[in-house]
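The chains referred to below are lettered A, B, ... by the order of the sequence lines, with proteins before strands, and numbering in each begins at 1. The structure presented is a predicted model; accordingly, all values stated were derived computationally and were not measured.
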Amino acid sequence: MEMALESNAFFIGIEYLAILCWGLSGGLAAIQKGYDIFSIMLCGWLTALGGGLFRDVMLGDLPPVGITDKGYVLTTLFSGIIVVIAHPEIKKLKWTMTVVDALGLGLFAVNGTAKALAFGSSGMTAVFLGMFTALAGGLIRDIFIGDVPMIIRDKHLYAIPSFVGCILTVLVWRGVHYGWFDMRSEMVLDALIVIIVVAIRILSVAFNVTMPGAMPRTHVYL
Amino acid sequence: MEMALESNAFFIGIEYLAILCWGLSGGLAAIQKGYDIFSIMLCGWLTALGGGLFRDVMLGDLPPVGITDKGYVLTTLFSGIIVVIAHPEIKKLKWTMTVVDALGLGLFAVNGTAKALAFGSSGMTAVFLGMFTALAGGLIRDIFIGDVPMIIRDKHLYAIPSFVGCILTVLVWRGVHYGWFDMRSEMVLDALIVIIVVAIRILSVAFNVTMPGAMPRTHVYL
Amino acid sequence: MEMALESNAFFIGIEYLAILCWGLSGGLAAIQKGYDIFSIMLCGWLTALGGGLFRDVMLGDLPPVGITDKGYVLTTLFSGIIVVIAHPEIKKLKWTMTVVDALGLGLFAVNGTAKALAFGSSGMTAVFLGMFTALAGGLIRDIFIGDVPMIIRDKHLYAIPSFVGCILTVLVWRGVHYGWFDMRSEMVLDALIVIIVVAIRILSVAFNVTMPGAMPRTHVYL
């Protein structure tokens, strides 16, 4: 059953779509900084495959798919070429890009968690690795181009929806393991998880929902 | 004998204490930057377990304990909750925090070096991995929140005490191996090493001891 | 044949020379920031061995040679001592340093690609790992000292020559595999690749050759 998940066309489709989404988002960030073509390609690749690279290093699945899978690498190059040509149009599609980015977030959360579970990780480790997959690509990109990471800069919910998505993926996986769902329902449920992640993210941006900081305190007991 | 060290209550106690110390220190750094609760938790976790994560990746002990050990992860979450509530008090305890941070430095230096030796590393590799464990957590935290790393920013001795601690841990380990000490003396000596590391660090801050830079030169022979 | 490459005096000589070149370049960057002796040594070590560390983590060849090979570590310490003493002279040799840095770039590109191929990687993975080896050391150093990475900051060709070098190394390796060249010609050809990489880099700086950015567009179709 584990390998079924990995070799399944549905999950492979999810992964390619997520890579394309984030290749576009990474390439665009590089263009806005005025970088040259090579750096644009590198930023797209880092954003799209950096999270999975991190996940694979942690899992010990080496060398990581981000440098061995020709399909993935070509997808990031393809998305790099798209932004190099179509950047003025893509920049105008601000809301579309927010949705595309949120889609990548949800897809990578499900994909990273599922891969970790398929490698025999515990639920907690799988949630960590799912969140690494979903968050590390953007994090590496931001450190690379010298920005404060978006998961800190963006006050709206960003890590929280990916966290919810990872937890739900673990629950669905356990459900399949205990025989509550079959493989077909698993796919529907996983697609549903992606929609939930996207919805939380988008609603947070639209209605300006933010997380609280440290507890405000007026009296100091020392 | 190697496994004894790993499974020993004394060394496990050291590790938990170090994680708690640095979870507090990392969480506080995030609060001072005004981050939200999630980022505070993440910073505490990164600071406390990032060094060990790095050590385990280098040792090939995957997935790293920082994402598999429930006790460690809960300890960082616990320290995160403490700072979220008690940050005004913790901020006031400036010297206490310097001592807590120094304690983490010493504890992680001993712990990282001991784990590397238990995995069969040479003395030099163990010193490197002990220093990674002691320094990488704070380094990753500083890069993450966009500060110049503390081991550069803080002019007082910071890396040097951890270096001394790692070297001494290797010497004690060799002593046990050659039959000079028994396990009981090893524990006493390792506790002593932590005290030495803390002492060097605290004295350096108290008496403003700093390392020299490059050799000042008045005449250039070219 | 694979092991011959690794144990060959010629390739070992290449690696030592590259480490020395980049140890100098990293130490000098730290001196220009006014860091203390420990940070100078650390910067030299990171720059010289950080790329190989990254390559070995990706290949799963753990612990990485950067922390296990005494010869490599001593070479970086040695280059650190040189810059601490001779920094005013080295600073004056601006063009010499550009050549030394370019030499490191070419040597590490060939060395990283060859090691990846010797570990059974595909051509694409070997090119990635060769480029990591050539570029990651400087990248880590720049992130560490808080600069925008040189591969972005320096508008002249930097990643491109290393890319060309990696591709050529894969081609030469395949040539040996298919029996077109013997081991002796391989060495001559690999030395030639290093010269080509250095030449592209130096000519790019000398004649101010730069890569284009995103396609400039006057009309937006949206």
**Request:** Give, as side chain, backbone, both or neither, the part of B:Asp69 having an atom under 4.5 angstrom from any heavy atom of chain A.
**Result:** backbone
**Proximity breakdown for B:Lys70 and chain A, heavy-atom pairs closer than 4.5 Å** = both
**Prompt:** Mind checking whether B:Val65 and B:Arg55 have side chains closer than 4.5 Å, heavy atoms only?
**Reply:** yes
**Message:** Could you check whether any side-chain N or O of A:Ser204 sits under 3.5 Å from a backbone N or O of A:Leu157, counting only pairs where one atom can act as donor and the other as acceptor?
**Reply:** yes
**Request:** Sort A:Phe163 into side chain, backbone, both or neither according to what part of it lies under 4.5 angstrom from a heavy atom of chain B.
**Result:** neither
**Prompt:** Under 3.5 Å, is there a donor-acceptor pair between the B:Ser39 and B:Asp36 side chains?
**Reply:** yes
**Prompt:** Counting only heavy atoms not in A:Tyr72, do more than 12 fall under 6.0 Å of its OH?
**Reply:** yes
**Asked** Between B:Ile85 and chain A, which part of the residue has a heavy atom less than 4.5 Å away: side chain, backbone, both or neither?
**Response** both
**Complete:** Under 4.5 Å to a heavy atom of chain A? For B:Ile31 that would be side chain
**Asked** Is any side-chain N of the basic residue among B:Lys115 and B:Asp56 closer than 4.0 Å to the acidic one's carboxylate O?
**Response** yes
